[in-house]
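All remarks here apply to the structure that follows.
Side-chain atoms are counted along with the backbone in the values below, which use heavy atoms only and exclude waters and symmetry mates. Everything numeric here is computed off the predicted structure, so don't read it as measured data.
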Amino acid sequence: MLDLNRLKALHAVHVYGSVGAAAEALMVTPSAVSQQIAKLERETGARLMERYGRGVRLTDAAGLLAEHAERILALVETAEADFEALRGEVVGRLNVGAFPTAARGLMPHALVSLKGRHPDLWVQLSEREPERVAREVARGELDLGVVQDWLTRPMALPDGLSKATLLDDVADVAVPADHPLAGEREIELAALHGEQWISGSPGTVCHDWLVFTLRSASLEPVIACWADEYPTQLALVAAGLGCAIVPRLGRDCVPDSVRLVPLLPRQSRRIYAIWRADAARRPAIRAMVDALTETSKTQENAWAVQ
């Protein structure tokens, strides 16, 4: 009888391309992955990994078994979802991934609410960039994810995922308090010609969006500083080192020496929950989405009265 955990280890190496990457995805040590595959080799009587340069690669036999493992693991997940739906109880374990701003701005309140209603459900939260969250939900490493994209730059989701919109997160421009435009009710992007900018790291969703947005307004971005966390960006703006476009969910305490001014045209990003369509019957998935939806509405109401 083939062991599911060993099949899962083999499948992870097949998907991620190395023992180390598979171990990271499974949140175990590389040694543990290697041991599981070594046991699987003894069970099958076939060689599954071979030396290749400084690393290892899967054999043809391993590739064939990994393809079967993918179907087996999908069937197991469907069976678990059906069984949970039959019981109708919000129990078990839920692995959730969220991009950093949502992990800080939405998840704490949603998880507290969920725990109060469903104490037998154990949720493990991981902070990830949106693209990684989407990949890991599609592959089954995460049960549910919270991702974002900008309305002017939508993100393509892998096939087989369902989603629910949580909120539209409006972004304002952050400028130093002594900036000539700091007292304006609204600022057109074109009015920021010649400014230096604080941006997320190259290759991130927010960096790519900022460059796209500025160029769409005929502004060539001059990036003075790269910082991925919005509180850091605001601190750099407060120091007079540039301007930043900051979503409202990304703001905690705004420094006294920073002014936030709405942009024209309005800029916003959409935040939504995603999960695999074949797992939608799980009561735990529905409960997590409900908790996130309620938290998002509370946050939007708080913005409305500010």
Side-chain angles (χ1 to χ4, degrees), residues 1-84 87 91-100 103 107 111 120-147 158-161 274-279 282 284-285 288:
M1 174 100 35
L2 296 176
D3 183 271
L4 276 179
N5 288 326
R6 292 163 197 166
L7 288 176
K8 186 179 293 185
L10 177 68
H11 179 255
V13 175
H14 177 70
V15 169
Y16 291 102
S18 71
V19 171
E24 182 181 358
L26 297 174
M27 292 181 287
V28 298
T29 65
S31 176
V33 172
S34 296
Q35 289 174 18
Q36 292 281 36
I37 294 178
K39 292 177 181 177
L40 192 57
E41 286 182 326
R42 292 195 291 272
E43 286 179 347
T44 60
R47 189 175 183 184
L48 301 177
M49 287 199 307
E50 60 187 8
R51 288 288 176 186
Y52 182 74
R54 295 184 178 180
V56 296
R57 66 180 178 186
L58 296 180
T59 64
D60 292 341
L64 177 64
L65 187 56
E67 291 176 3
H68 286 293
E70 183 171 359
R71 292 191 290 272
I72 291 168
L73 294 171
L75 285 171
V76 169
E77 180 181 25
T78 300
E80 290 174 342
D82 287 344
F83 187 68
E84 285 188 26
R87 293 172 61 189
V91 296
R93 174 177 178 148
L94 201 64
N95 291 317
V96 177
F99 67 97
M107 293 306 303
L111 291 177
D120 293 327
L121 176 65
W122 191 80
V123 180
Q124 183 174 59
L125 172 65
S126 301
E127 186 178 278
R128 302 278 195 271
E129 286 300 315
E131 298 92 340
R132 181 176 175 183
V133 169
R135 289 195 304 270
E136 293 188 356
V137 171
R139 290 171 175 168
E141 286 104 27
L142 293 173
D143 299 304
L144 182 141
V146 180
V147 299
D159 293 337
L161 297 186
I274 59 173
W275 61 92
R276 289 180 304 286
D278 57 8
R282 293 184 61 190
I285 295 286
M288 184 78 252

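At least one donor-acceptor pair closer than 3.5 Å links the side chain of Glu41 to the backbone N or O of Leu48. The closest donor-acceptor contact from the side chain of Ser126 to the backbone of Gly97 lies at 3.5 Å or more, if one exists at all. A distance-only check finds no donor-acceptor pair linking the side chain of Asp120 to the backbone of Val91 [under 3.5 Å].
Residues Leu58 and His14 are in side-chain contact: their nearest non-hydrogen atoms beyond the backbone lie under 4.5 Å apart. Within the 4.5 Å cutoff, no side-chain heavy atoms of Val133 are placed close to those of Val146. Side-chain contact between Ile37 and Ser34 is absent, with no heavy-atom pair separated by less than 4.5 Å. Inter-residue side-chain proximity for Leu7 and Leu65 is flagged as met; some heavy-atom pair is nearer than 4.5 Å. Put simply, the side chain of Val13 reaches to within 4.5 Å of the side chain of Val33, judged on heavy atoms. At least one side-chain heavy atom of Glu43 sits less than 4.5 Å from a side-chain heavy atom of Asp3.
Taking every heavy atom of both residues into account, Glu127 and Ala103 meet most closely at OE1-CB, 3.9 Å. Nearest approach of Ile285 to Ala279, heavy atoms of both residues: CG1-O, 3.7 Å. Closest approach of Arg47 and Ala61 over heavy atoms only: O-CB, 4.1 Å. The heavy-atom pair separating Gly20 from Pro30 by the smallest distance is CA-CG, 4.4 Å. In terms of heavy atoms, Val147 sits closest to Ala134 at CG1-N, 4.4 Å. Across all their heavy atoms, Val137 and Trp275 have their closest contact at CG1-CA, 3.8 Å.
How far CD of Glu70 is from NZ of Lys8: 13.5 Å, rounded to the nearest 0.5 Å. One distance of note links CD of Gln36 with CG of Asn5; it measures 5.5 Å at 0.5 Å rounding. Put simply, CZ on Arg6 and CZ on Arg42 are 8.0 Å apart, with the number rounded to the nearest 0.5 Å.
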Verdict with supporting geometry, Met49 and Thr59, side-chain contact (heavy atoms from CB on, under 4.5 Å): CA-CA 6 Å; Met49 287 199 307; Thr59 64; 5.9 Å; no
Worked check of salt bridge (Lys or Arg N to Asp or Glu O under 4.0 Å) between Arg282 and Asp143: CA-CA 10 Å; Arg282 293 184 61 190; Asp143 299 304; 3.3 Å; yes
Criterion side-chain contact (heavy atoms from CB on, under 4.5 Å) on Leu2 and Leu40, from CA distance to verdict: CA-CA 8 Å; Leu2 296 176; Leu40 192 57; 4.0 Å; yes
Residue pair Leu111, Val96: steps toward the side-chain contact (heavy atoms from CB on, under 4.5 Å) verdict: CA-CA 10 Å; Leu111 291 177; Val96 177; 5.9 Å; no
Residue pair His68, Arg71: steps toward the side-chain contact (heavy atoms from CB on, under 4.5 Å) verdict: CA-CA 5 Å; His68 286 293; Arg71 292 191 290 272; 2.8 Å; yes
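Cation-pi contact between Arg139 and Tyr16: present, with separation from the ring centre below 6.0 Å and deviation from the ring axis of at most 45°.
Residues Glu136 and Arg276 are not paired through a salt bridge, judged by the lack of any N-O separation under 4.0 Å between the basic side chain and the carboxylate.
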